[in-house]
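These notes concern the structure reproduced below.
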Amino acid sequence: MAVAKANTIERLVKVLVVESDIDLRHILSELFDLEGYEFVIHSHSCDIVNQVSNYQPDVVLLDYRLPTVDGSDLCDSLKHDPQTSQVPVIIYSVAPVSVFSQLKIKYDAFLAKPFDLNELLTNIENLIRWRANT
């Protein structure tokens with residue numbers, strides 16, 4: 001999917017993913033290749049703010065359960081930094097969304113695992129449109 005920005009030429013969608021599961025990383029990699037997305041997938045993240053600042057993705061996908069840090073902590077870091085606070089974040093987890101609403105995490109979308117790949121793509125596209133209109 002190409003995204004049209006006001007007064008610029010179309011460009012590829014850029015997605016940054018933090019996912020520890022090798023199988024899901026492979027599935028997401030194939031999906032994003034098929035969709036023509038530009039993407040980078042990290043198995044962990046020690047410095048999410050710098051990674052997002054340097055890569056400048058349209059959307060960030062975070063698994064909630066990561067080996068060294070929770071996706072909620074990564075999301076919190078992004079949303080509290082002025083350089084990255086406007087980048088939409090999708091968190092996904094096996095935990096129900098009700099758990100996340102109680103934690104007051106400032107994610108932009110939530111997907112329950114296992115999630116439908118078409119639902120993921122729809123969420124990405126909707127968040128990109130939303131961000132373009134804000």
Side-chain angles (χ1 to χ4, degrees):
M1 173 186 157
V3 176
K5 289 253 186 180
N7 300 322
T8 63
I9 59 172
E10 288 191 11
R11 62 178 180 73
L12 295 179
V13 170
K14 290 176 72 172
V15 180
L16 184 140
V17 181
V18 182
E19 171 56 61
S20 59
D21 181 87
I22 192 166
D23 293 329
L24 187 50
R25 287 196 314 260
H26 180 73
I27 290 167
L28 292 174
S29 179
E30 285 188 11
L31 174 68
F32 296 152
D33 272 338
L34 287 170
E35 290 298 314
Y37 289 7
E38 185 178 327
F39 62 94
V40 61
I41 300 177
H42 299 281
S43 59
H44 63 283
S45 180
C46 298
D47 193 2
I48 189 72
V49 171
N50 278 336
Q51 289 172 334
V52 171
S53 294
N54 292 333
Y55 187 64
Q56 299 184 348
D58 297 301
V59 176
V60 174
L61 272 66
L62 301 173
D63 188 2
Y64 177 72
R65 295 272 183 224
L66 296 165
T68 57
V69 64
D70 280 338
S72 63
D73 293 333
L74 297 177
C75 182
D76 192 50
S77 294
L78 291 171
K79 294 301 184 178
H80 283 94
D81 189 288
Q83 293 181 14
T84 59
S85 63
Q86 297 303 311
V87 177
V89 175
I90 298 173
I91 287 188
Y92 51 89
S93 175
V94 294
V97 70
S98 60
V99 170
F100 293 93
S101 59
Q102 293 172 3
L103 295 174
K104 298 187 171 119
I105 302 168
K106 295 183 179 182
Y107 58 85
D108 298 285
F110 175 85
L111 292 173
K113 278 174 135 179
F115 52 82
D116 180 79
L117 296 177
N118 288 321
E119 183 181 3
L120 172 63
L121 294 174
T122 298
N123 272 275
I124 290 171
E125 292 171 11
N126 288 341
L127 287 171
I128 290 170
R129 276 191 221 104
W130 169 79
R131 186 176 180 200
N133 293 323
T134 58

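As a basis for the values below, the full set of heavy atoms in this structure was taken, side chains included, without hydrogen atoms, waters or symmetry mates.
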How long is the gap from CD on Glu19 to NE2 on His26, to the nearest 0.5 Å?
13.5 Å
Between Ser45 and Leu74, which heavy-atom pair has the shortest distance, and what is it?
O-CD2, 3.9 Å
Given side chains that start at C-beta, do those of Phe110 and Ser93 come closer than 4.5 Å, heavy atoms only?
yes
Where the side chain of Asp76 meets the backbone of Ser72, is there a donor-acceptor pair that is under 3.5 Å apart?
no
Quick one: does Ser29's side chain have a donor or acceptor within less than 3.5 Å of a partner on Arg25's backbone?
no
Within the 4.5 Å heavy-atom criterion, are Tyr92 and Leu61 side-chain neighbours or not?
yes
Quick one: does Leu120's side chain get under 4.5 Å of Leu28's, heavy atoms only?
yes
Strictly below 4.0 Å, N to O, side chains only: are Arg65 and Asp21 in salt-bridge contact?
no
Measuring only between side-chain heavy atoms, which start at C-beta, is His42 closer than 4.5 Å to Leu16?
yes
Kindly indicate, with the supporting measurements, whether the criterion side-chain contact (heavy atoms from CB on, under 4.5 Å) is fulfilled by Lys106 and Val89.
CA-CA 8 Å; Lys106 295 183 179 182; Val89 175; over 6 Å; no
Value for SG (Cys75) from CG (Asp70), rounded to nearest 0.5 Å, stands at 11.5 Å
Measure across Thr84 and Ser77 and return the closest heavy-atom pair with its distance rounded to 0.1 Å.
OG1-O, 4.3 Å
Applying side-chain contact (heavy atoms from CB on, under 4.5 Å) to Val13 and Val59, what does each step give before you reach the verdict?
CA-CA 8 Å; Val13 170; Val59 176; 5.7 Å; no
May I ask you to decide if Arg129's main-chain N or O and Asn133's side chain share a donor-acceptor pair within less than 3.5 Å?
yes
Give the minimum heavy-atom separation between Ile91 and Tyr64, together with the two atoms involved.
CG2-CB, 4.1 Å
In terms of heavy-atom contacts, Gly36 and Leu12 come closest through O-CD2, 3.1 Å
Gap between atom CG of Asn123 and atom CG of Asn118 - 0.5 Å precision
11.5 Å
Closest heavy-atom pair and its distance - Pro88, Lys79:
CA-NZ, 4.2 Å
Before giving the answer on side-chain contact (heavy atoms from CB on, under 4.5 Å), spell out for Leu62 and Tyr107 the whole-Å C-alpha distance, their side-chain angles and the decisive distance to 0.1 Å.
CA-CA 10 Å; Leu62 301 173; Tyr107 58 85; over 6 Å; no
To the closest 0.5 Å, what do you measure between CD1 (Ile90) and CD1 (Ile124)?
5.0 Å
Side chain to side chain, Leu121 and Leu31, heavy atoms closer than 4.5 Å:
yes
Heavy atoms of Val49 and Leu78 approach each other most closely as CA-CD2, 4.1 Å
Sub-4.5 Å side-chain heavy-atom contact between Lys113 and Leu24:
yes
Between Leu117 and Phe115, is any pair of side-chain heavy atoms under 4.5 Å apart?
yes
Got a sec: does the CD of Gln86 have more than 12 other heavy atoms crowding it under 6.0 Å?
no
